[in-house]
There are 2 protein chains.
Amino acid sequence: MRGAQGDLLRLVATGHAESRAELARLSGLAASSVSLRVEELIGTGLLVEEGSGTSRGGRRPRRLRVSPTAGLLAVADLGAHHARLGLLDLSGTPLVVEERPCDIALGPEETLDWMAASFDELLLTHGPPGVPLRGVGTGIPGPVDPASGRVVSPSRMPGWNNFPVAEHLGARYDLPVLVENDANLMAVGEARAWPGCDNLMVLKAGSGIGCGVIVDGRLHRGRGAAGDISHVRVRTDSSVVCSCGHSDCLEAYASGAALMSALTEQGIALGRPADVVAAVNDGVPEATALVRSAGRLIGEVLTVLVNFLNPDAIVIGGSLSTAEPLISSIRAAVYERCLPLATRDLEIAVTRAGPDAALLGAGSLLLDAVLG
Amino acid sequence: MRGAQGDLLRLVATGHAESRAELARLSGLAASSVSLRVEELIGTGLLVEEGSGTSRGGRRPRRLRVSPTAGLLAVADLGAHHARLGLLDLSGTPLVVEERPCDIALGPEETLDWMAASFDELLLTHGPPGVPLRGVGTGIPGPVDPASGRVVSPSRMPGWNNFPVAEHLGARYDLPVLVENDANLMAVGEARAWPGCDNLMVLKAGSGIGCGVIVDGRLHRGRGAAGDISHVRVRTDSSVVCSCGHSDCLEAYASGAALMSALTEQGIALGRPADVVAAVNDGVPEATALVRSAGRLIGEVLTVLVNFLNPDAIVIGGSLSTAEPLISSIRAAVYERCLPLATRDLEIAVTRAGPDAALLGAGSLLLDAVLG
DNA sequence: CCGTCTTCCTTCGAAATCGAAGATAAACCG
DNA sequence: CGGTTTATCTTCGATTTCGAAGGAAGACGG
């Protein structure tokens with residue numbers, strides 16, 4: 001699976017190429033070499049030829065696909081109280097996705113064991129027999145050091161600090177293991193849904209506020225902590241001290257958790273961020289006003305970043321992203337205050353990849369590891 | 001100069017490789033293939049063998065250099081009232097650099113003609129005879145569309161809006177032509193002086209405030225306007241309307257132009273930003289106070305970007321960068337307010353490449369075009 | 001319906017690249 | 001000072017990759 005062969009397989013798996021001719025164009029190899037390699041890949045059962053594609057004026061291409069029996073990826077997206085778990089084939093297509101309640105406060109060992117048990121269960125019930133598991137990946141709602149696969153100073157994951165998640169999973173699975181921040185995975189997942197957009201900011205608005213950054217088509221990690229916008233100081237009348245020790249952090253005003261506690265103070269008790277959206281859709285004026293103000297604050301922070309990064313699109317996901325007032329007030333703030341040059345072709349939109357974005361992103365990154 | 005040969009030449013020219021062995025390691029080619037190519041490059045006179053390097057425990061490498069007769073690059077860095085002009089050899093080493101007064105307000109044609117005449121003069125007086133000019137590049141103190149080489153909505157370049165600078169130069173020189181924003185060029189120039197730092201923010205503090213961004217070792221352009229931080233809203237007591245139409249932009253408080261006009265109001269009239277630095281060094285308290293406050297404002301804007309981009313270093317250049325209070329107040333603001341995770345290994349330092357950073361950056365980018 | 005055009009894919013000799021083995025040259029060390 | 005180690009560079013047969021030419025399959029147009 002090494003070298004040129006991996007490249008070709010990757011191009012097919014990611015949907016960038018569907019025929020030998022496309023592979024030749026995209027890989028830069030000669031058409032003859034592509035044919036040779038593809039023949040080998042079909043021989044080893046990783047690729048299959050499946051009917052023919054649509055003609056572009058000449059002979060129809062013979063469509064190539066990654067074999068459904070080539071392997072499976074087990075991926076998860078851990079949240080504070082819920083996790084999404086799924087199985088993907090090597091082209092990143094989900095076979096099954098489930099959301100289950102869990103509690104990361106139980107600590108890393110227990111949570112990861114539960115995750116592994118859930119994977120085993122999914123494989124038993126939904127995994128086609130004989131298809132091998134080829135990689136395991138999970139998103140974490142906190143900072144992750146990409147090199148070591150450790151959780152680093154998470155703010156809301158008691159007991160996880162410095163825990164070697166990748167190592168722990170690696171001991172159980174003798175396979176490529178991926179551990180990455182959840183917003184980063186979301187960003188990678190969205191990136192595939194935004195072809196032609198090489199620079200993307202993906203905002204995850206849920207209990208917390210996360211952001212993943214795609215630069216030049218690839219996930220930008222910086223030194224590991226890139227994309228953090230939750231502890232930016234915002235301009236407000238009041239003054240709130242955030243858990244990070246500073247005052248007036250964005251997170252303290254605009255995160256799902258902050259909205260819920262503000263609503264509780266007003267006598268409206270809710271259980272999870274999605275309930276805030278429900279309240280907004282039910283026309284609860286307090287909820288709508290709070291969400292609007294959160295959107296404005298988020299938008300004001302984004303103006304700085306839009307001028308600086310000049311992305312093609314801002315994509316908003318997470319459980320709050322279905323609140324229309326949030327999106328429109330973010331849009332208003334960004335378009336009002338950013339440079340025309342930066343907003344001229346800027347799209348601000350909700351997630352295209354949907355709630356499985358992080359799982360798809362995990363699949364995408366795992367594929368690279370598997371085909372390394 | 002195409003393909004593998006260009007790659008090898010580039011590695012030597014950029015200083016990444018000095019011997020055949022290093023070339024083999026960095027290019028991924030087999031050592032034997034490298035030897036063949038290098039022999040050819042020496043044959044065509046582009047590369048020369050020059051003595052031997054220092055041993056790393058075994059046989060000493062035979063040091064390779066780009067031939068001084070391989071070609072010249074003519075580069076310029078246009079400012080509002082002064083331009084730096086220089087000739088570089090193909091390894092990006094300056095043969096001569098001069099600063100000359102000029103006035104971009106005369107419009108693009110006149111300014112560019114003056115630039116070309118200056119290049120001709122430099123070539124006559126300092127260019128070794130028989131060495132061909134291989135590329136021409138210039139930095140522009142305003143936004144440049146990288147694809148078309150046009151100036152786009154510059155704020156302080158009357159008559160330049162939408163002028164096709166690259167095309168104009170291309171008509172005069174039948175050579176690769178580079179036109180790029182000056183802060184971007186500075187960033188590229190600094191990047192070579194910061195090996196191992198793949199993510200860099202380079203601040204140009206002069207009459208205006210510019211910023212170039214290096215992500216993953218390469219210049220980040222976004223849609224063409226990336227790096228703009230001058231029109232970010234800052235938190236201040238007073239309220240000033242900026243030339244962009246919004247209020248309280250960073251540029252209106254912290255740029256060299258803003259500092260000069262503030263000092264003029266206090267009865268201290270100065271001619272150029274460097275005079276502000278002189279005033280600070282002379283212990284003029286008004287100047288020092290203003291520079292400190294400018295540094296704090298810049299630093300507060302940078303906190304957002306540091307959390308977001310998580311760079312390896314912030315490099316500060318431009319004529320104000322020699323004012324020590326500016327640097328220290330930027331440092332203080334960033335270290336105080338950023339996440340520990342983001343500042344743990346963050347370096348905040350003044351330019352290593354010096355006043356020629358933009359010229360060196362132009363050379364670096366031009367080399368890519370020449371060896372395309 | 002039949003020639004022409006376009007695109008896709010394969011065949012096969014030519015050329016580039018690899019990589020193992022050896023030659024060269026210097027540092028290290030008792 | 002001579003053997004040992006380490007690193008650089010070259011030689012040469014084996015392998016991979018290329019690319020021009022041609023075959024295959026369908027679109028297009030009269």
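In what follows, every chain begins at residue 1, and chains take the letters A, B, ... in the order their sequences are listed.
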Peer 1: Taking the side chain of A:Arg59 as its heavy atoms from C-beta onward, which of D:dT10, D:dA24, C:dT24 lies nearest to it?
Peer 2: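 Within the option list, the nearest is D:dA24.
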
Peer 1: Around A:Arg218, counting heavy atoms of other residues, nucleotides and ligands shown, do more than 12 lie under 6.0 Å from its CZ?
Peer 2: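 Open: at most 12 neighbouring heavy atoms sit under 6.0 Å from CZ of A:Arg218.
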
Peer 1: If the sugar-phosphate is the primed atoms plus P, OP1 and OP2 and the base is the rest, what is the B/S/- string for nucleotides 13-20 of chain D, using protein heavy atoms under 4.0 Å?
Peer 2: ----SBB-

Peer 1: Distance check: side-chain N/O of A:Arg63 vs OP1/OP2 of C:dC8, anything under 4.0 Å?
Peer 2: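 Looking at the OP1 and OP2 atoms of C:dC8, neither is under 4.0 Å from any side-chain N or O of A:Arg63.
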
Peer 1: Do the side-chain N or O atoms of B:Arg20 get closer than 4.0 angstrom to the phosphate oxygens (OP1, OP2) of D:dT10?
Peer 2: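 Affirmative; the distance criterion is met.
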
Peer 1: With B:Glu50, which residues qualify under side chain to side chain contact (heavy atoms under 4.5 Å, CB included), at least two apart?
Peer 2: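 B:Glu50: side chain to side chain contact (heavy atoms under 4.5 Å, CB included) contacts with B:Arg63, B:Arg65.
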
Peer 1: Enumerate, atom names and distances included, each donor-acceptor pair closer than 3.5 Å involving a side-chain atom of residues 356-366 of chain B, sequence neighbours excluded.
Peer 2:
{"unit_1": "B:Asp356", "atom_1": "OD1", "unit_2": "B:Arg84", "atom_2": "NE", "d": "3.0"}
{"unit_1": "B:Asp356", "atom_1": "OD1", "unit_2": "B:Arg84", "atom_2": "NH2", "d": "2.7"}

Peer 1: Considering residues, nucleotides and ligands other than B:Arg352, do more than 12 of their heavy atoms fall under 6.0 Å from its CZ?
Peer 2: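 Counting other residues, nucleotides and ligands, CZ of B:Arg352 exceeds 12 neighbours.
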
Peer 1: Could you pull out all residues at least two apart from A:Arg62 that satisfy salt bridge (charged side-chain N to carboxylate O under 4.0 Å, His left out)?
Peer 2: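 With neighbours one apart ignored, the set is A:Glu49.
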
Peer 1: Base, sugar-phosphate or nothing for B:Ser52? Non-hydrogen atoms, less than 4.0 Å.
Peer 2: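 If one applies the 4.0 Å heavy-atom cut-off, B:Ser52 turns out to touch nothing in the nucleic acid.
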
Peer 1: Indicate whether OP1 or OP2 belonging to D:dT8 is found under 4.0 Å from a side-chain N or O atom of B:Arg25.
Peer 2: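 B:Arg25 to D:dT8 OP1/OP2: side-chain N or O found under 4.0 Å.
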
Peer 1: Can you pull out how bent the helix from C:dC9-D:dG22 to C:dG30-D:dC1 is, comparing the axes over its first five and last five pairs, to 10°?
Peer 2: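 Computed from the C1' atoms at both ends, the axes differ by 30°.
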
Peer 1: Can you list the residues that meet the side chain to side chain donor-acceptor pair (under 3.5 Å) rule with A:Glu167, with sequence neighbours excluded?
Peer 2: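 With sequence neighbours excluded, A:Glu167 shows a side chain to side chain donor-acceptor pair (under 3.5 Å) to no residue whatsoever.
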
Peer 1: Without decimals, in angstroms, what is the distance between B:Leu64 CG and D:dC9 P?
Peer 2: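 Checked: the CG to P distance equals 7 Å.
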
Peer 1: Round to the nearest Å and state the distance from B:Glu40 atom CD to C:dT17 atom C1'.
Peer 2: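 Computing the B:Glu40:CD to C:dT17:C1' distance gives 13 Å.
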
Peer 1: With sequence neighbours left out, what residues match A:Leu26 under side chain to side chain contact (heavy atoms under 4.5 Å, CB included)?
Peer 2: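 Scan of A:Leu26 (side chain to side chain contact (heavy atoms under 4.5 Å, CB included), adjacent residues dropped) gives A:Leu11, A:His16, A:Ala17.
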
Peer 1: Side chain to side chain donor-acceptor pair (under 3.5 Å) with A:Ser55: which residues, sequence neighbours excluded?
Peer 2: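 Here no residue qualifies.
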
Peer 1: Can you list the residues that meet the side chain to side chain contact (heavy atoms under 4.5 Å, CB included) rule with B:Val350, with sequence neighbours excluded?
Peer 2: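 Only B:Ile327 meet the side chain to side chain contact (heavy atoms under 4.5 Å, CB included) criterion with B:Val350.
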
Peer 1: Mind calculating the distance between CD (B:Glu39) and P (C:dT17) to the nearest angstrom?
Peer 2: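 Distance, rounded to whole Å: 15 Å.
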
Peer 1: Assign each of A:Arg56 and A:Ser35 to its nearest nucleotide of DNA chain C by heavy atoms, then name whichever residue's nucleotide is nearer the 5' end.
Peer 2: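 Nearest nucleotide further toward 5': that of A:Arg56.
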
Peer 1: Can you tell me which residue pairs pass the salt bridge (Lys or Arg N to Asp or Glu O under 4.0 Å) test with a partner in residues 184-196 of chain A, sequence neighbours excluded?
Peer 2: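 Not a single pair qualifies under salt bridge (Lys or Arg N to Asp or Glu O under 4.0 Å).
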
Peer 1: Please give, in whole Å, the distance from D:dA7 P to B:Leu23 CG?
Peer 2: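 Taking CG of B:Leu23 and P of D:dA7, I get 18 Å after rounding.
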
Peer 1: Of all residues at least two apart in sequence or in a different chain, which pass the side chain to side chain contact (heavy atoms under 4.5 Å, CB included) check with A:Arg223?
Peer 2: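 So A:Arg223 forms a side chain to side chain contact (heavy atoms under 4.5 Å, CB included) with B:Asn310, B:Asp312, B:Asp345.
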
Peer 1: Could you write out each protein N or O paired with an N or O of nucleotides 27-30 of chain C at a distance under 3.5 Å?
Peer 2:
none

